[in-house]
Amino acid sequence: MPRLVLVLALACSTLTVPAVADACGNSVMASLYRRVHKAEAALDAGKYQRAARLARAELARQEGARHGDKALERRARRVLALAVVRSGGDVRVEERGRGDLLDEQPAISWAITALRQLRDDAIAAHPDCALEPARCSADLVPSSAGELAEALARSPDLRAEALATLGRLAEADLMPGPDAWAALARLRGEQGDAAGREAAILRCR
């Protein structure tokens with residue numbers, strides 16, 4: 001009987017050790033995701049410099065990690081790109097490999113490239129895209145499409161694309177947030193659409 005008790009005790013110990021390890025692993029992951037969440041919260045609060053600083057730090061950590069977390073990297077890149085766009089040029093990004101700060105329009109171009117890639121990744125990852133390839137379009141990911149359009153609205157050559165995207169999202173009541181409405185209001189104002197501008201401002205508020 002004592003031998004049976006010892007065998008059972010050893011068996012139980014082998015079951016509990018992975019659970020402890022899993023708990024540690026979950027704690028580490030929770031800490032990593034909290035850092036990105038802080039950057040996202042700063043972005044939502046309009047604290048663009050803080051959001052950019054936190055996002056840059058996370059991107060540097062991911063780049064230096066042996067096995068980076070793609071989801072964390074994408075979230076940090078989104079925060080940095082939107083901080084560049086929404087700050088009106090106050091937030092800049094470094095030119096890769098040189099450390100020089102990009103001027104406003106090159107920084108906006110970087111943000112557009114980043115947000116376009118994030119939108120395309122979101123489309124590819126959408127379950128409907130896998131089930132029905134013919135449905136693979138930006139309509140599946142209105143939030144990512146709207147954020148890209150915010151960036152496009154900051155580029156003189158791409159404002160028509162931004163207006164078309166934001167107008168379609170507004171008509172379908174799929175705008176991702178007040179910043180997208182603000183971008184639509186600016187674009188409509190530039191087009192001389194006073195009524196459309198006021199309608200977008202009201203929705204933004």
Side-chain angles (χ1 to χ4, degrees), residues 18-19 21-45 51-52 54-56 58-63 65-86 93 108-155 158-184 187 200 203-204:
D22 287 346
C24 292
N26 289 339
S27 176
V28 171
M29 287 306 298
S31 176
L32 291 173
Y33 277 88
R34 271 197 299 273
R35 288 203 296 257
V36 173
H37 181 71
K38 286 181 181 178
E40 292 168 337
L43 177 73
D44 292 340
L54 292 168
R56 286 192 196 98
E58 186 55 43
L59 287 169
R61 272 190 286 266
Q62 291 302 317
E63 190 170 314
R66 181 176 296 180
H67 301 292
D69 186 306
K70 290 296 183 184
L72 283 172
E73 188 271 340
R74 282 193 294 268
R75 286 172 63 178
R77 194 168 299 281
R78 168 188 171 270
V79 168
L80 181 55
L82 287 175
V84 169
V85 171
R86 293 175 183 175
V93 290
I108 291 293
S109 295
W110 174 88
I112 288 172
T113 299
L115 290 167
R116 199 184 292 279
Q117 184 61 59
L118 289 169
R119 183 207 59 183
D120 292 347
D121 289 345
I123 293 171
H126 197 284
D128 286 358
C129 188
L131 292 171
E132 299 180 57
R135 291 194 61 196
C136 288
S137 73
D139 293 340
L140 293 175
V141 289
S143 182
S144 294
E147 290 173 350
L148 170 59
E150 281 185 56
L152 296 173
R154 296 286 185 180
S155 174
L158 298 172
R159 284 175 183 160
E161 182 183 349
L163 182 60
T165 299
L166 293 171
R168 187 170 65 252
L169 291 173
E171 186 175 348
D173 200 19
L174 292 173
M175 291 287 263
D179 292 284
W181 282 110
L184 180 59
L187 291 170
R203 292 302 300 271
C204 176

Measure across [X] and [Y] and return the closest heavy-atom pair with its distance rounded to 0.1 Å.
X: L184; Y: A170; result: CD2-CB, 3.8 Å
X: R159; Y: A153; result: NE-O, 3.1 Å
X: A81; Y: L115; result: CB-CG, 3.8 Å
X: A83; Y: L43; result: N-CD1, 3.7 Å
X: V36; Y: A76; result: CG1-N, 4.4 Å
X: I108; Y: V85; result: CD1-CA, 4.1 Å

Heavy-atom check, side chain of [X] versus side chain of [Y], under 4.5 Å:
X: V84; Y: V93; result: yes
X: L54; Y: R35; result: no
X: D120; Y: R116; result: yes
X: L118; Y: S144; result: no
X: W110; Y: T113; result: no

Task: Lys/Arg-Asp/Glu bridge criterion (N-O < 4.0 Å) met for D173, R203 - done: yes

Task: Salt bridge present between R77 and E73 (N-O < 4.0 angstrom) - done: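 Between E73 and R77 there is a salt bridge, with a charged N closer than 4.0 Å to a carboxylate O.
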
Task: salt bridge (charged side-chain N to carboxylate O under 4.0 Å, His left out) assessment of E171 paired with R168 - done: CA-CA 5 Å; E171 186 175 348; R168 187 170 65 252; over 6 Å; no

TODO: Going by the salt bridge (Lys or Arg N to Asp or Glu O under 4.0 Å) test, name the single residue among R78, R119, R154 that passes it with E147.
DONE: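 Of all the options given, the one that passes is R78.
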
Using 0.5 Å steps for rounding, measure from the [atom1] atom of [X] to the [atom2] atom of [Y].
X: E161; Y: L166; atom1: CD; atom2: CG; answer: 10.0 Å
X: D139; Y: D128; atom1: CG; atom2: CG; answer: 11.5 Å
X: M175; Y: E150; atom1: CE; atom2: CD; answer: 8.5 Å
X: D69; Y: R74; atom1: CG; atom2: CZ; answer: 8.5 Å

TODO: Go through the steps to decide whether L158 and I112 satisfy the test side chain to side chain contact (heavy atoms under 4.5 Å, CB included), and finish with yes or no.
DONE: CA-CA 10 Å; L158 298 172; I112 288 172; 3.9 Å; yes

